[in-house]
Amino acid sequence: MESFQQKYGSWALVTGASSGIGAEFCRQLAPKGINLVMVARRKERMEQLAGELKDKHGVQTKVIPADLSKDDFMETLLPEISSLEIGLLINNAGFGIRGAFLNSNLERELEMLSVNCRAPLILTRIIGQQMLKRKRGGIIFIASVLGFIETPYFANYAASKAYNLYMGQALWYELKHHGIDVSVLSPGTTKTEFSKISGGNGMPAMKVEPVVRIALKKLGNKPSIVAGLHNRMFVLWCKLFPRRIMTVLIGSVMKKMIKN
Ligand SMILES: NC(=O)c1ccc[n+]([C@@H]2O[C@H](COP(=O)([O-])OP(=O)(O)OC[C@H]3O[C@@H](n4cnc5c(N)ncnc54)[C@H](OP(=O)(O)O)[C@@H]3O)[C@@H](O)[C@H]2O)c1
């Protein structure tokens with residue numbers, strides 16, 4: 001069987017590498033001999049992880065502090081990555097905004113769209129072009145189980161995750177003819193810093209390790225990867241029940257949550 005490195009080359013770019021799911025992707029790619037470009041705003045966090053992975057697995061790392069909500073983030077990234085053959089792109093950075101939409105901060109909602117949707121679009125277009133020339137590569141989009149259903153009081157976040165789900169699944173078909181594997185990972189509640197930043201939901205959370213392990217295992221086999229049986233059940237309900245009923249159900253749960 002081809003190794004990860006033989007299949008995708010020796011460099012991966014992971015956004016949101018400073019914590020949670022992104023940091024775990026780095027931890028699981030390094031033992032496979034994959035060198036890492038780590039992108040997020042918190043430089044020290046990434047440098048610490050990069051140092052650990054270099055010492056333990058002998059991989060090369062490049063830490064790029066960048067704010068993906070900024071229009072010109074690519075001007076920071078491009079000079080740093082232009083000489084590298086990036087064979088794996090993990091579009092992971094993201095956050096959410098919980099609460100009543102009309103009370104929300106418009107600037108922050110737009111920032112979220114930039115990080116969750118605009119950045120993956122730009123990175124996939126630019127790095128995908130390089131993969132196309134080499135006729136090999138892998139791209140993982142991180143959506144959410146909430147990408148499968150419109151979610152009142154988390155409306156823009158769920159819509160941003162539906163964007164990743166649709167985009168990634170469409171590109172799975174489009175790019176597989178060019179040797180590029182694309183999959184969408186949709187986590188349910190996972191133990192990361194997400195709930196601190198985006199508001200918790202009190203649901204049992206999965207550990208981050210199996211969520212990432214399944215994504216790397218299924219990349220290239222499945223367009224859509226949902227980690228955890230309970231999350232797969234949730235997605236199944238979203239598909240089986242009329243959307244309106246699911247939206248009302250989820251809306252009533254979310255409404256109670258934001259009151260608490
Ligand atoms: N945890 C869950 O329950 C859950 C469930 C479903 C989907 N997800 C998705 O999983 C992905 C990873 O989230 P997580 O759970 O690992 O949460 P996390 O621990 O809060 O990590 C989020 C990452 O995104 C980065 N990020 C946020 N804003 C950024 C910006 N403006 N520019 C650059 N990087 C930015 C953060 O880095 P800096 O702060 O250092 O910039 C951090 O590394 C997200 O797309 C999220 O929507 C999470």
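What you see below is based on every heavy atom in this structure, not just the backbone, and it leaves out hydrogens, waters and symmetry mates. Just so you know, residue 1 is the first one in the sequence shown, and it goes up from there.
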Please answer: with hydrophobic residues joined when any side-chain heavy atoms are less than 4.5 Å apart, are [X] and [Y] in the same cluster?
X	Y	value
L229	M206	no
L89	V39	yes
I149	F241	yes
M112	L123	yes
I126	V14	no

Next item on the list: Output all residues satisfying side-chain hydrogen bond (donor to acceptor under 3.5 Å, both in side chains) with S69, sequence neighbours left out; order by chain, then residue number.
Entry: D67
Side-chain heavy atoms of [X] within contact of [Y], under 4.5 Å:
X	Y	result
T247	P152	yes
V145	V226	yes
V182	P223	no
P120	N164	yes
T15	F25	no
K62	M38	no
L185	F141	no
L77	I64	yes

Note to self: Under the criterion side chain to side chain contact (heavy atoms under 4.5 Å, CB included), I'd like the reasoning laid out for M254 against I250: C-alpha separation, chi angles, the key distance, then a yes or no.
What the structure shows: CA-CA 6 Å; M254 293 295 291; I250 290 175; 4.0 Å; yes
Next item on the list: Any pair with a residue in residues 114-141 that passes salt bridge (Lys or Arg N to Asp or Glu O under 4.0 Å), sequence neighbours left out, goes on the list, sorted by first then second residue, please.
Entry: E85-R134
Checklist line | Pair K70 + E111: basic N to acidic O under 4.0 Å | finding: no
Note to self: Taking K56 first and then E52, would you say they form a salt bridge - that is, a charged N and a carboxylate O separated by under 4.0 Å?
What the structure shows: no
Next item on the list: Report yes or no: do N91 and T124 form a side-chain donor-acceptor pair below 3.5 Å?
Entry: yes
Checklist line | Q28-E24 side chain donor-acceptor pair, cut-off 3.5 Å | finding: yes
Which atom pair, heavy atoms only, marks the closest approach of [X] to [Y]?
X	Y	answer
P65	T76	O-CG2, 3.9 Å
A93	N116	O-OD1, 4.2 Å
V211	P187	CG1-CB, 4.1 Å
C26	A17	SG-CB, 3.9 Å
S144	K161	CB-CG, 3.8 Å
W11	I34	C-CG2, 4.0 Å

Taking the side chain from [X] and the backbone from [Y], do they hold a donor-acceptor pair closer than 3.5 Å?
X	Y	answer
E75	D72	no
N103	G99	no
S183	K222	yes
S252	L249	yes
R42	S18	no
S104	A100	no

Distance check, rounded to the nearest 0.5 Å: [X] atom [atom1] versus [Y] atom [atom2]?
X	Y	atom1	atom2	value
L165	I142	CG	CD1	12.0 Å
L175	L132	CG	CG	8.0 Å
N92	I140	CG	CD1	9.5 Å
E209	R27	CD	CZ	10.5 Å
C117	L68	SG	CG	12.5 Å
S19	M46	OG	CE	10.5 Å

Exceeds 12 heavy-atom contacts within 6.0 angstrom, atom [atom1] of [X]:
X	atom1	value
E193	CD	yes
K239	NZ	no
E107	CD	no

Next item on the list: Scan residues 156-175 for pairs that pass ring-ring contact (aromatic ring centres under 6.0 Å, His included), counting only residues two or more places apart or in two chains.
Entry: F154-Y157, Y157-F194, Y173-H177
Margin query: Would K207 and T190 count as a side chain to side chain contact (heavy atoms under 4.5 Å, CB included) here? Give the steps.
Written below: CA-CA 6 Å; K207 286 188 182 151; T190 308; over 6 Å; no
Notebook entry, point to check: Going through the checks in order, is the side chain to side chain contact (heavy atoms under 4.5 Å, CB included) test met by S186 and F234?
Noted result: CA-CA 11 Å; S186 295; F234 175 79; over 6 Å; no
Next item on the list: Go through I97 and N156 one step at a time and tell me if the side chain to side chain contact (heavy atoms under 4.5 Å, CB included) criterion holds.
Entry: CA-CA 8 Å; I97 302 167; N156 190 26; 5.7 Å; no
Next item on the list: Could you walk me through whether E150 and R244 pass the salt bridge (charged side-chain N to carboxylate O under 4.0 Å, His left out) test, one step at a time?
Entry: CA-CA 9 Å; E150 42 278 12; R244 188 180 156 151; over 6 Å; no
